[in-house]
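The shown structure was predicted, so the numbers you read here are calculated from the model rather than taken from an experiment. These numbers come from the heavy atoms of this one structure, side chains and all, not from hydrogens, waters or symmetry mates.
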Amino acid sequence: MTKTSIEELFVHNREWADQMERDRPGFFTGLMSQQNPRYMWIGCSDSRVPANQITGLEPGEVFVHRNIANVVVPSDLNCLSTIQYAVDQLKIEHLMVVGHYGCGGVYAALTNLRLGLVDNWTRHVRDVRDKHLKLLESLSTQWRHDALCELNAIEQVVNVAQSTVMQDAWARGQKVTLHSWCYSLKNGHITNLEMTVPGVGGLEEVYGNAVEKVATRKRD
C-alpha cells in the first residue's frame with residue numbers, strides 16, 4: 001500500500017467533491033438542509049471498518065460513534081450522550097453495535113496483552129471474557145478470538161438496552177430496535193448475531209439465545 005501525503009488528502013477531497021457534484025447536482029446543499037438518519041452505528045475505531053461503505057449507506061443516513069472494541073459502559077458520557085442525541089433528537093429507528101473479527105482490542109483482552117493506557121478501556125472486554133470463560137474454553141483455540149468479538153458485541157447491546165436513554169425512550173413508546181452484528185475483514189460480510197431487542201421485555205431470552213448461538217455457530 002502506497003503512502004499518501006497530507007497534501008494529497010486535500011487533492012483527493014476536491015476530486016471527490018467535484019465528482020459528487022457532477023454526478024448528483026445539489027448533493028451537498030441537500031446534506032446541509034437536514035440530518036435525518038434512521039440508523040445509529042456503534043463500532044470499533046479500526047480504520048478498516050467504515051460504517052457507510054459497509055452498509056452501502058449515503059452520508060447523512062447513519063449516525064456513528066466509534067471507540068476501541070465498540071464498548072458501551074455507563075460511565076462513558078461521550079458514548080451515552082451520542083446515543084441520547086441519536087434517539088431523542090434524530091429519532092433513529094435502529095441502533096447497531098457492530099464488532100469485527102480480528103479486533104485488536106478484543107485480542108488484547110483475550111490474551112492479557114499489555115498495550116498501555118488502553119488496557120484500562122479493554123478491561124471492560126476482559127470482563128466479558130471472564131463472564132463467558134467456560135464457553136470460550138469449550139471452543140477450539142483458533143475460534144476463541146472470533147467468539148469473544150461476538151460476545152462483546154452482544155454484551156454491549158445489553159448495556160445499551162439497560163441505559164437510562166433507552167429505558168426512557170421505550171417507556172414513552174418510542175420505537176427503537178437494538179441489534180448486535182459482527183463484521184468480517186476477510187470477505188466484507190456482516191453476521192447478524194441475532195441479539196435483536198425491540199423494546200422492554202424479553203431481553204434475557206434473546207440474550208440467552210444469542211450467547212448459545214455463539215457457542216454452536218459453525219466456523220470455517
Measure up the H132 and Y207 rings against each other and bin them: parallel (under 30°), tilted (30 to 60°), perpendicular (over 60°).
->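 Aromatic pair H132/Y207 classed tilted.
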
For the backbone of [Y] and the side chain of [X], can you confirm whether one donor and one acceptor N or O come within less than 3.5 Å of each other?
X: T191; Y: L193; answer: no
X: E93; Y: K175; answer: no
X: R66; Y: V49; answer: yes
X: E61; Y: E58; answer: yes
X: T122; Y: A109; answer: no
X: D18; Y: E15; answer: no
X: D23; Y: M20; answer: no
X: Q89; Y: Q84; answer: no

pair [X]-[Y]: side-chain heavy atoms closer than 4.5 Å:
X: L178; Y: T196; value: no
X: V214; Y: I154; value: yes
X: M195; Y: H179; value: no
X: I42; Y: M96; value: no
X: M166; Y: V197; value: no
X: H100; Y: R48; value: yes
X: D76; Y: V72; value: no
X: F27; Y: P59; value: yes

Specify the closest pair of heavy atoms between F63 and A86, including all atoms of both residues, with the distance to one decimal.
->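 Closest pair (atom of F63, atom of A86, distance): CD2-CB, 3.6 Å.
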
Over all heavy atoms of both residues, which pair between N36 and L90 is shortest? Give the atoms and the distance, please.
->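 The answer is OD1-O, 4.2 Å.
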
Do the charged groups of [X] and [Y] touch, with an N to O distance under 4.0 Å?
X: E212; Y: R217; value: no
X: E150; Y: K213; value: no
X: R172; Y: D168; value: no

Within this structure, what is the [atom1]-[atom2] distance for the pair [X] and [Y], rounded to the nearest 0.5 Å?
X: T177; Y: L95; atom1: OG1; atom2: CG; result: 10.0 Å
X: L136; Y: R129; atom1: CG; atom2: CZ; result: 9.0 Å
X: L115; Y: W121; atom1: CG; atom2: CH2; result: 15.0 Å

Out of curiosity, does V157 fall in the hydrophobic cluster containing I190 (side-chain heavy atoms, cut-off under 4.5 Å, transitive links)?
->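 No, it is not one cluster - the side chains of I190 and V157 are not joined through contacts under 4.5 Å.
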
Give the cluster check for V160 versus L151: same hydrophobic cluster or not, with ILVMFWY residues linked at side-chain heavy-atom distances below 4.5 Å.
->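 In one cluster: yes.
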
Do W181 and Y39 have their ring centres less than 6.0 Å from each other?
->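 Judged by ring-centre distance (under 6.0 Å), W181 and Y39 do not meet the cut-off.
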
Run the numbers on N78 and H65 for side chain to side chain contact (heavy atoms under 4.5 Å, CB included), then give the verdict.
-> CA-CA 9 Å; N78 183 350; H65 177 85; 3.7 Å; yes

For atom CD of E205, is the number of surrounding heavy atoms from other residues, nucleotides or ligands below 6.0 Å larger than 12?
->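 No - once you tally the heavy atoms of other residues, nucleotides and ligands closer than 6.0 Å, there are 12 at most.
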
Without hydrogens or angle criteria, can the side chains of Q156 and H124 be said to hold a donor-acceptor pair below 3.5 Å?
->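 Absent: no donor and acceptor within the cut-off.
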
Mind running side chain to side chain contact (heavy atoms under 4.5 Å, CB included) on M40 and V64 for me, showing each step along the way?
-> CA-CA 6 Å; M40 180 175 182; V64 179; over 6 Å; no

List the steps and the verdict of side chain to side chain contact (heavy atoms under 4.5 Å, CB included) for C149 and H145.
-> CA-CA 6 Å; C149 290; H145 187 191; 3.8 Å; yes

